[in-house]
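FYI, side chains are in, hydrogens and waters are out, and symmetry mates aren't considered; it's all heavy atoms of this structure. Read the numbers this way: they start at 1 and go in the same order the structure lists the ligands and their atoms.
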Amino acid sequence: MTVDLRDFIRTIPDFPHEGIMFRDVTTLFNDPVGLRETVDQMAAALGDQKFDKIAGLEARGFMLGAALAYKLGIGFTMIRKAGKLPGSTISEDYALEYGQATVEIHDDALDAGDKVLLFDDLIATGGTAEAGIKLIERLGAEVTLAAFIIDLPDLGGRAKIEKMGVKTHVLCAFDGL
Ligand SMILES: O=P(O)(O)OC[C@H]1O[C@H](OP(=O)(O)OP(=O)(O)O)[C@H](O)[C@@H]1O
Ligand SMILES: Nc1ncnc2[nH]cnc12
């Protein structure tokens, strides 16, 4: 029987602002069954699709994005919040469910034509994922799949990314805001 990852994800109301239902993956990552199941379910969902790189979004997209890259035997590219990458970067500003930020990628992190799996723990409004896709495309690479552990469908992010022409995969979803 398939393990339901939602059973491992804690919900904390009113974090970081009143009205936000925060879906907390610390409890998923903290559990050995939850951690392994998440990586294994994602790897199984990918089937025989081939990628040149996984690009993970800071910070929660780093942990299991890197685990998945290890499992697939490919490299892992960091898309970081502004000011953290030491080399030459390009950047994108974006809005997310509870704020605004800027993400950056090293301008030599990907080769033109690379097929990239974009990975994050959660998609809400899709602002973060959209910024990541723009960075990858500006380097001449292609996001052939955007994968998330959690979807919040009522916030419309997954539909927005699909409308951009990027395929998506999610492992579980929570209804409501
Ligand atoms: O779809 P969106 O509305 O853009 O929201 C999703 C993003 O929000 C969270 O990251 P956050 O910026 O809180 O950073 P963190 O991973 O460093 O905690 C989450 O990990 C996604 O990256
Ligand atoms: N509701 C939410 N829970 C956890 N992370 C998020 N990132 C954006 N919205 C979120």
Side-chain angles (χ1 to χ4, degrees), residues 4-31 34-35 37-39 41-42 45 53-69 76-86 89-106 109 116-138 143 145-177:
D4 189 342
L5 300 181
R6 290 175 300 184
D7 293 343
F8 296 88
I9 297 163
R10 176 168 63 181
T11 296
I12 301 191
D14 299 323
F15 181 87
H17 303 303
E18 209 181 320
I20 304 284
M21 295 292 278
F22 194 85
R23 308 301 179 176
D24 178 19
V25 290
T26 65
T27 44
L28 176 69
F29 295 176
N30 211 23
D31 187 288
L35 182 68
E37 270 291 322
T38 306
V39 177
Q41 286 188 19
M42 191 58 85
K53 286 270 165 61
I54 292 181
L57 291 154
E58 185 175 4
R60 285 175 260 153
F62 282 180
M63 282 87 88
L64 300 203
L68 200 57
F76 180 82
T77 299
M78 290 189 262
I79 296 178
R80 297 211 63 179
K81 306 267 166 64
K84 299 284 187 182
L85 289 170
T89 58
I90 57 169
S91 60
E92 285 284 341
D93 300 327
Y94 64 100
L96 72 161
E97 189 186 4
Y98 40 67
Q100 284 221 301
T102 303
V103 277
E104 298 182 334
I105 191 169
H106 275 141
V116 178
L117 168 60
L118 180 76
F119 181 82
D120 205 353
D121 68 320
L122 175 147
I123 183 159
T125 65
T128 310
E130 183 181 15
I133 291 165
K134 285 183 181 164
L135 289 175
I136 291 164
E137 290 182 346
R138 282 171 61 191
V143 179
L145 186 72
F148 307 88
I149 303 167
I150 304 165
D151 183 23
L152 305 184
D154 295 333
L155 286 159
R158 187 178 187 191
K160 178 161 91 173
I161 298 307
E162 293 262 355
K163 238 182 232 160
M164 290 171 74
V166 175
K167 289 200 183 78
T168 62
H169 185 76
V170 302
L171 295 181
C172 66
F174 287 91
D175 292 329
L177 297 181

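- Looking at E130 and I161, their side chains come closer than 4.5 Å, going by heavy atoms from C-beta outward.
- Counting heavy atoms of neighbouring residues, nucleotides and ligands inside a 6.0 Å radius, atom CZ of R138 exceeds 12 of them.
- Protein neighbours of ligand 1 below 4.0 Å, counting non-hydrogen atoms: E58, A59, R60, K81, L96, E97, Y98, D120, D121, L122, I123, A124, T125, G126, G127, T128.
- Closest to atom 3 (N) of ligand 2, if we only count protein heavy atoms, is R23 N, 2.9 Å.
- Nearest protein heavy-atom neighbour of atom 9 (N) of ligand 2: E97 OE1, 2.4 Å.
- Closest to atom 5 (N) of ligand 2 among all protein heavy atoms lies R60 NH1, 3.1 Å.
- For a threshold of 3.5 Å applied to N or O pairs, the pair formed by L152 and ligand 2 contains no separation below that value.
- Against a heavy-atom cut-off of under 4.0 Å, M21 is close to the following atoms of ligand 2: 1 (N), 2 (C), 3 (N).
- At least one side-chain heavy atom of M42 sits less than 4.5 Å from a side-chain heavy atom of H169.
- Per-residue contacts place A124 under 4.0 angstrom from the following atoms of ligand 2 (heavy atoms of the residue considered): 8 (C), 9 (N).
- We find that K84 and E58 are not joined by a salt bridge, their nearest charged nitrogen and carboxylate oxygen being 4.0 Å or further apart.
- Within ligand 2, counting atoms from 1 as listed, the ones closer than 4.0 Å to a heavy atom of L122 are 3 (N), 4 (C), 5 (N), 6 (C), 7 (N), 8 (C), 9 (N), 10 (C).
- Ranked by closest heavy atom to atom 8 (C) of ligand 2, the top entry among F174, F22, Y98, F15 is Y98.
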